2 protein chains.
Amino acid sequence: MVQIMLNLKPYKNLLKQHELSLTAVRLAVLETLEIHPHSDADKIFNIVKNKIATTSKQAIYKNLNALAERGIIREIKPKGRSSLYETRTGDNHHHLVCRQCGAVRDTDCFDHAPCLEPMCNHGFKVDEAEVIFWGLCPPCQKNLIKTERKEK
Amino acid sequence: MVQIMLNLKPYKNLLKQHELSLTAVRLAVLETLEIHPHSDADKIFNIVKNKIATTSKQAIYKNLNALAERGIIREIKPKGRSSLYETRTGDNHHHLVCRQCGAVRDTDCFDHAPCLEPMCNHGFKVDEAEVIFWGLCPPCQKNLIKTERKEK
DNA sequence: CAAAAATATTGATTGATTAAATATTTTTTG
DNA sequence: CAAAAAATATTTAATCAATCAATATTTTTG
């Protein structure tokens with residue numbers, strides 16, 4: 001098991017600013033997301049449980065919602081999966097999701113904010129563009145080629 | 001109640017091409033989606049039930065999945081909502097979703113296919129870009145202004 | 001450190017969606 | 001066109017993520 005030292009001070013300040021108390025579970029959730037971006041509640045729960053054996057899934061969910069509401073973390077929800085969370089926020093970056101294995105990768109926004117300008121906005125006041133690129137990650141592309149060969 | 005006559009022949013051909021049988025429920029689902037784009041399974045179920053009183057939600061779900069798998073319809077899933085379906089496919093168009101009332105509107109893809117080109121693709125082979133623009137629709141913007149005035 | 005506020009834990013519940021088994025409809029074939 | 005085969009529909013039960021409510025514990029504040 002690898003121990004990674006994280007500086008949680010910036011988060012502690014951020015939580016204070018948002019009038020959120022500094023609880024063990026909350027900090028553990030943030031730490032987990034720093035190390036494992038794009039995790040879902042279940043995965044976070046299992047990781048946090050290693051540190052805080054008595055923790056509950058409910059606490060994980062509540063914290064994820066509280067943090068996401070305040071923009072401290074960001075929630076993405078590719079269809080067919082549970083919600084995923086990440087600490088990288090405020091840059092409107094996008095995601096690549098593998099149809100096969102579910103791998104998730106970040107990719108930058110095209111420009112400063114063109115993503116917030118749809119072709120026709122129907123009078124909508126747009127504040128967020130959520131972009132998911134669906135496809136196959138490199139390993140799954142290779143597996144597909146192997147499978148195709150076998151099928152011949 | 002307004003009766004709208006729809007020509008379902010193109011769909012019948014499409015279903016044949018995909019080796020799907022022409023069942024009453026399936027055609028009713030397609031007809032419903034033509035008239036009410038961005039409907040969820042429950043809404044479709046209720047509308048279809050008016051025509052086919054004995055129908056089941058299970059049949060609706062199975063048909064939606066079968067049609068979506070073959071690209072005959074498209075599924076979108078804004079976070080926090082059930083899956084929505086539409087018959088407009090193949091043009092990689094995007095969606096505007098109102099945070100307040102949930103209204104959904106189509107908006108065209110920016111260009112022919114730039115949406116399929118993320119900044120950095122991490123070696124992914126991308127085949128679809130799913131874009132949801134979040135914001136407020138015109139009526140909800142007005143309501144917000146009213147509410148702000150009242151609060152003063 | 002004690003009171004007040006916020007959060008955590010526990011247990012039950014919801015809601016969308018899927019699974020499995022049987023009945024019915026649609027398609028195919030002679 | 002009728003019977004067999006295949007596909008689909010219906011019914012009932014189950015799953016899974018996520019939320020709600022009530023009580024216990026922790027954190028914050030003065």
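Per chain, numbering begins at 1; letters A, B, ... match sequence-line order. This one's a predicted model, so the numbers in the text were calculated from it and none came from an experiment.
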Could you tell me the separation between the [atom1] atom of [X] and the [atom2] atom of [N], rounded to a whole number of Å?
| X | N | atom1 | atom2 | result |
| --- | --- | --- | --- | --- |
| Lys57(A) | dG11(C) | NZ | P | 15 Å |
| Ile52(B) | dT11(D) | CD1 | C1' | 17 Å |
| Leu64(B) | dT18(C) | CG | P | 10 Å |
| Phe45(A) | dC16(D) | CZ | P | 16 Å |
| Arg81(A) | dA18(D) | CZ | C1' | 17 Å |
| Lys79(B) | dA18(D) | NZ | P | 12 Å |
| Leu15(A) | dT7(C) | CG | C1' | 13 Å |
| Leu27(B) | dT8(D) | CG | C1' | 13 Å |

May I ask you to decide if Asp40(B)'s main-chain N or O and Ser82(B)'s side chain share a donor-acceptor pair within less than 3.5 Å?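 Judged by distance alone, no pair lies under 3.5 Å.
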Could you tell me whether a side-chain N or O of Gln141(B) sits under 3.5 Å from a main-chain N or O of Leu136(B), the two making a donor and an acceptor?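 Yes, Gln141(B) side chain to Leu136(B) backbone: donor-acceptor pair under 3.5 Å.
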With sugar-phosphate meaning primed atoms plus P, OP1 and OP2, does Asn63(B) contact a base, only sugar-phosphate, or nothing at under 4.0 Å between heavy atoms?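 Sugar-phosphate, backbone atoms only, no base.
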Which distance, rounded to the nearest 0.5 Å, do you find between the [atom1] of [X] and the [atom2] of [Y]?
| X | Y | atom1 | atom2 | answer |
| --- | --- | --- | --- | --- |
| Ile47(A) | Lys49(A) | CD1 | NZ | 11.5 Å |
| Asp106(B) | His122(A) | CG | NE2 | 6.5 Å |
| Thr87(B) | His38(B) | OG1 | NE2 | 9.0 Å |
| Asn46(B) | Lys57(B) | CG | NZ | 7.0 Å |

Residues His95(A), His93(A); criterion ring pair (Phe, Tyr, Trp, His ring centres under 6.0 Å); working and verdict: CA-CA 7 Å; His95(A) 295 95; His93(A) 73 273; 4.7 Å; yes
Give a yes or no on whether a donor-acceptor pair under 3.5 Å exists between the nucleobase atoms of dT17(C), that is its base, and the side chain of Gln58(B). no
Taking NZ in Lys125(A) as the centre, count heavy atoms belonging to other residues, nucleotides or ligands within less than 6.0 Å. Is the count above 12? no
Give a yes/no answer on whether the side chain of [X] brings an N or O atom under 4.0 Å of OP1 or OP2 in [N].
| X | N | value |
| --- | --- | --- |
| Tyr61(A) | dT19(D) | no |
| Asn65(B) | dT18(C) | yes |
| Ser83(A) | dA18(D) | yes |

Select from Lys62(B) and Lys77(B) the residue whose nearest nucleotide in DNA chain C is closer to the 5' end of that strand.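 Residue closer to the 5' terminus by nearest nucleotide: Lys77(B).
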Pairs under 3.5 angstrom, nitrogen or oxygen only, protein versus nucleotides 23-30 of chain D, please.
{"from": "dT28(D)", "atom 1": "OP1", "to": "Leu22(A)", "atom 2": "N", "distance (Å)": "2.9"}

Let me have DNA chain D in dot-bracket notation, would you? Count Watson-Crick plus G-U wobble pairs, both distances under 3.5 Å, and use [ ] for pairs crossing earlier ones and | for inter-strand partners. ||||||||||||||||||||||||||||||
So, using side chain to side chain contact (heavy atoms under 4.5 Å, CB included) as the criterion, who are the partners of Ala28(A) when residues are at least two apart? Val48(A), Ile52(A)
